[in-house]
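Reviewing the structure listed below.
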Amino acid sequence: MTLPMFPDAAPVLPDIRPARRIKGTAPLLLAALGGDFPTEAVASLAIGFDGVEGDYHAGPTRKSGGREPWYPRGTEIRNERQLSIVTADELALAARDMGIERIEPGWIGANLVIEGIPLLSMLPPRTQLFFEGGVTLRIDGDNAPCRIAGAQIARNFPDMDETRLALSFVSAAKRRRGVVAWVEKPGVISAGEAVTARIWEQWVYPGA
């Protein structure tokens, strides 16, 4: 048996940021209960292990699409996109860059609007969101903007060029479209509820 070879000196480790917690609130909750992805405001969200009960994106699995080019389109995969979470300040910046007055969270299928957590879209994968009512969500990662959501926004501005506006969302909302999450612990989230983000240790993997 050949033993593995080890370098004489230990590799230089990257800068490691300690774990921390940030507190915020969830002033607006939304659900897609009409058979399509746009959402409407609700007073509470009943959360099961499959996501928001009755929501368009609920389920233990989903079909792969353009975000997963390594699979044939329509392949059944784990649903890590059970909930969409955004923040109003990032959407305002995206709207500014698109040349429109606003982007409503429901137009792009958001389930939660969170306040008080800066740079929400930059929260790293694995971050946990602990809601005071007992629900825990686990962030998979940032939600890459697409022209399908952009087209939904454009429908609300009929005096503007629909194609141009839809495409502009892709660049204007990059790293501003919030995050997607899956359910770690189910329960009920009420509008205005406090939430704590638990961010794990962070580092940038340096490669070989």
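Heavy-atom contacts from other residues, nucleotides or ligands closer than 6.0 Å to CZ of R147 number 12 or fewer. The 12-atom threshold is exceeded at CD1 of I77, counting heavy atoms of other residues, nucleotides or ligands nearer than 6.0 Å. Around the CZ atom of R17, the shell of radius 6.0 Å holds no more than 12 heavy atoms that belong to other residues, nucleotides or ligands.
A single hydrophobic cluster is not seen to contain both V180 and I85; linkage of ILVMFWY side chains at heavy-atom distances under 4.5 Å, directly or through other members, places them apart. Following chains of ILVMFWY side-chain contacts shorter than 4.5 Å, one cannot reach L30 starting from I47, and the two form parts of different hydrophobic clusters. Linking ILVMFWY residues whenever their side-chain heavy atoms come closer than 4.5 Å, directly or via other members, places I189 and I114 in the same cluster. Under a hydrophobic clustering in which Ile, Leu, Val, Met, Phe, Trp and Tyr are joined whenever their side-chain heavy atoms come within less than 4.5 Å, directly or via other members, L29 and I117 fall into the same cluster. Note: the hydrophobic cluster containing I153 does not contain V170 (ILVMFWY, side chain heavy atoms under 4.5 Å, direct or indirect links).
Identified under the side-chain hydrogen bond (donor to acceptor under 3.5 Å, both in side chains) test for residues 32-60, with sequence neighbours left out: D55-N111. Among residues at least two apart or in separate chains, ring-ring contact (aromatic ring centres under 6.0 Å, His included) pairs with a member in residues 139-158 are W107-F157.
Judged by distance alone, the side chain of E193 and the main-chain N or O of G133 form a donor-acceptor pair under 3.5 Å. Judged by distance alone, with hydrogens and angles left aside, the side-chain atoms of E201 form no donor-acceptor pair with the main-chain N or O of I16 at under 3.5 Å. Of the possible polar contacts, one joining the S64 side chain to the T75 backbone as a donor-acceptor pair under 3.5 Å is found. The backbone N or O of P124 lies less than 3.5 Å from no partner atom in the side chain of Q202, so there is not a single donor-acceptor pair.
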- Task: Please step through side-chain contact (heavy atoms from CB on, under 4.5 Å) for the pair K185 and F130, ending with a clear verdict.
- Result: CA-CA 9 Å; K185 182 175 177 291; F130 293 95; over 6 Å; no
Derivation of the side-chain contact (heavy atoms from CB on, under 4.5 Å) call for R138 and R126 = CA-CA 6 Å; R138 178 86 69 152; R126 201 184 177 202; 3.3 Å; yes
Note to self: V113 vs L91, test: side-chain contact (heavy atoms from CB on, under 4.5 Å). Steps then yes/no.
What the structure shows: CA-CA 10 Å; V113 176; L91 293 184; over 6 Å; no
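Rounded to the nearest 0.5 Å, atoms CD1 (I103) and CG (L93) are 9.5 Å apart.
Remark: of the listed residues V86, V195, L45, L45 is the sole one forming a side chain to side chain contact (heavy atoms under 4.5 Å, CB included) with L112. Remark: of the listed residues R73, R62, K63, R62 is the sole one forming a side chain to side chain donor-acceptor pair (under 3.5 Å) with E68.
N143 and R81 share a donor-acceptor pair across their side chains, judged by distance under 3.5 Å alone. Side chains of E76 and T61: a donor-acceptor N/O pair is present below 3.5 angstrom, by distance only.
In terms of heavy-atom proximity, P118 sits nearest to I22 at CD-CG2, 4.2 Å.
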